[in-house]
Amino acid sequence: MFPSYVKSLMLPPTNLTSFHRQVTNERRFGMSLPSATCGGGSLPIAAVAGVQASSPAQAISSPSTVSSGHPLHHSPPSGFAFSPDHQQAQKSVLEHLLDRELVEGDFWYVIVAEWLEQLKKFVGINSGRKYYKSQRACSPPGPIVTRRDYAHTVDVVHEDAWRALLQWYGLADGHKAMKLVVYKYARGPEIEHNINSFKIMLSNSPPEDFHIVRFSKMEKVGYIEHRARQLYQVCPGQRSRLWAKAEADTDWRPLFSRDRAIGIVLDMDSDFTRPVIVLEVINAQGEWAGSPEGAELPEDSKDCDGQGHVIENSMFDDVTTQWELDIHEQIDQVGKTFLDKLHGNFNVFVQRAKDHIESRECQLRERERQVCARESVTERLASRLELKEHRLEEELLRCEDKIKEYESLRLELERKDAERRDEQEKILKEKAEELRLEREELQAEKDRFQKELNHMSELGKVQESRIKLDIGGNQFTTSLLTLTKDPDSMLAAMFSGRHQLKTEGDGSYFIDRDGTHFRYLLNYLRDGCVKEGTLPQNETVWRELRTEAEFYQLSGLDDYLKDLLDRKDSEG
């Protein structure tokens with residue numbers, strides 16, 4: 001009868017208030033409850049330890065406060081199932097939170113190491129402990145386990161990581177949050193695992209009247225003074241101040257700054273130091289009751305009774321402010337008013353719904369009569385359509401016969417056309433082959449003619465530029481083209497036209513060198529290289545010829561002869 005959104009709003013006022021408190025707690029922690037726990041695989045750590053998580057109803061209707069000072073969040077319902085997206089989201093949140101460095105004043109929480117390692121496996125974070133490295137867990141670790149009774153080792157996580165885990169998994173029954181603080185020792189910041197014992201006494205009380213109270217080194221001086229006032233029942237309006245010394249054999253010092261940490265004020269660097277705290281109060285005459293023996297007050301602070309107000313709450317306490325209580329009451333009142341109005345208007349809503357349904361039923365009956373009339377018309381039209389369909393089927397059969405006839409004619413024409421096409425292609429291939437052969441013959445003839453033309457052109461140039469040389473009395477006739485083939489040689493420089501050369505009476509140019517091997521030089525210039533078998537197989541001739549190549553600056557011939565001589569020497 002009721003829509004789903006109406007049912008979801010019809011909650012008792014107490015549950016509505018608890019719901020708003022839960023939302024407020026979620027906002028304080030900065031996280032949201034995931035939709036799940038994944039099934040299958042290994043059992044959660046809480047199940048192995050023999051503990052049970054608080055039920056969702058208890059966690060919502062009566063949220064309690066754990067020793068950490070933060071509201072206890074309920075465990076996720078058993079019907080939920082973690083999805084890969086939730087696991088990936090948890091991994092992205094926890095990866096940097098679990099790698100937080102120790103900073104003085106930060107809070108860290110104790111968690112059983114087995115529980116934390118199963119969580120890392122579940123979300124896919126690599127473990128730094130070799131003992132716990134194994135295949136990835138496929139089930140969530142269950143509610144958080146903090147007691148040392150069920151584990152060999154424990155681990156600590158930063159306050160932000162603790163809040164996220166508490167929001168996602170809740171705290172197992174019988175377990176409580178174990179809150180530790182970071183203190184900066186001389187060797188560096190470390191988690192304060194051992195709490196120091198303080199000896200508290202009154203300045204004018206007997207020596208045997210003292211109390212041993214344990215305080216963190218990060219506890220404020222103002223809170224220690226508040227506890228001392230409680231122990232000795234000091235009136236609220238009576239002024240007081242503290243004296244302290246870190247060890248029994250050290251000097252007394254006044255503690256005027258109530259907002260500073262006691263460990264920093266007393267320079268404590270050990271968990272086993274037993275400081276002495278003395279409370280001095282002012283009497284009815286407005287005079288101080290007497291400072292400890294040997295204590296001296298600085299001149300500039302004779303009448304000083306401390307800076308700041310006495311702190312009534314420990315740093316480990318979580319105080320719920322009045323405005324939070326007021327806002328919850330206002331939310332309760334709004335919820336009650338909303339539900340009263342909802343129940344008051346519900347009958348009107350139901351009556352209007354009945355009226356609407358009756359009007360809709362009348363409209364449906366009228367529509368039904370109209371549909372029946374249209375069905376009779378439709379039946380008549382259907383009979384006419386059947387006759388037309390029969391005629392169309394007959395015409396379709398005749399058309400199919402004609403199509404078959406035309407298809408046979410088409411196939412015959414295609415066969416004849418394919419035969420003619422094959423014959424034409426064969427003739428074209430024969431003609432193309434004949435043309436290719438003729439083209440190759442013409443190209444070969446053209447290449448021969450071009451080669452002959454180039455040769456004749458070179459011969460013409462040689463005839464036009466004939467030069468006679470007189471090398472040491474030996475006459476040689478060559479061309480200007482041959483002498484200038486090697487542009488870096490001395491012969492090319494001589495006959496380049498840049499120098500004026502004198503000729504002999506017969507028109508020859510005289511060079512004062514031995515002409516015995518000059519023909520080998522000319523052949524090298526004519527051919528552009530030394531052809532195999534053109535040089536005599538004589539090492540002496542090679543050396544003489546190399547001397548001539550060096551003189552005429554024929555570097556190519558010189559290198560060739562040098563290689564011949566080197567090979568000859570290596571073989572010898």
Side-chain angles (χ1 to χ4, degrees), residues 1-27 32-40 55-63 73-89 327-404:
M1 287 295 293
F2 304 108
S4 58
Y5 66 90
V6 175
K7 290 182 178 180
S8 64
L9 293 175
M10 295 176 63
L11 297 172
T14 55
N15 289 346
L16 184 63
T17 304
S18 301
F19 170 74
H20 285 291
R21 288 177 180 170
Q22 178 189 356
V23 172
T24 304
N25 292 335
E26 291 175 359
R27 290 177 179 172
S32 60
L33 184 66
S35 59
T37 56
C38 160
S55 64
Q58 293 173 351
I60 293 177
S61 61
S62 58
H73 288 259
H74 65 277
S75 305
S78 59
F80 287 6
F82 280 100
S83 67
D85 292 340
H86 291 144
Q87 292 174 245
Q88 187 65 28
I327 196 67
H328 287 312
E329 292 178 359
Q330 293 178 12
I331 292 174
D332 291 343
Q333 186 62 34
V334 170
K336 292 178 180 178
T337 304
F338 173 75
L339 290 176
D340 291 340
K341 291 183 178 179
L342 182 64
H343 288 298
N345 295 330
F346 182 72
N347 292 331
V348 177
F349 169 77
V350 172
Q351 185 61 38
R352 290 181 179 178
K354 290 181 178 179
D355 296 340
H356 178 72
I357 290 172
E358 290 179 358
S359 63
R360 291 294 297 174
E361 287 179 352
C362 294
Q363 294 176 3
L364 289 175
R365 285 194 293 270
E366 181 64 25
R367 293 291 299 276
E368 185 178 0
R369 288 193 294 270
Q370 295 177 0
V371 168
C372 291
R374 291 180 180 180
E375 283 180 354
S376 60
V377 175
T378 303
E379 289 177 357
R380 291 193 296 271
L381 293 175
S383 60
R384 295 177 184 177
L385 289 175
E386 287 179 358
L387 293 175
K388 291 183 178 179
E389 183 179 3
H390 181 68
R391 295 172 185 173
L392 289 175
E393 287 178 355
E394 293 178 353
E395 292 181 1
L396 181 61
L397 291 175
R398 289 194 295 269
C399 291
E400 287 178 354
D401 294 337
K402 290 183 179 180
I403 289 173
K404 291 179 181 179

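Numbering starts at 1 and runs along the sequence shown.
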Could you state the interatomic distance from [atom1] ([X]) to [atom2] ([Y]), rounded to the nearest 0.5 Å?
X	Y	atom1	atom2	answer
Leu387	Leu392	CG	CG	11.0 Å
Leu396	Asp401	CG	CG	10.0 Å
Glu361	Gln363	CD	CD	10.5 Å

Requested in this report: Among residues two or more places apart or on two chains, list those pairs meeting side-chain hydrogen bond (donor to acceptor under 3.5 Å, both in side chains) that have a residue in residues 369-387.
Outcome: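 Sorted result for residues 369-387: Glu366-Arg369.
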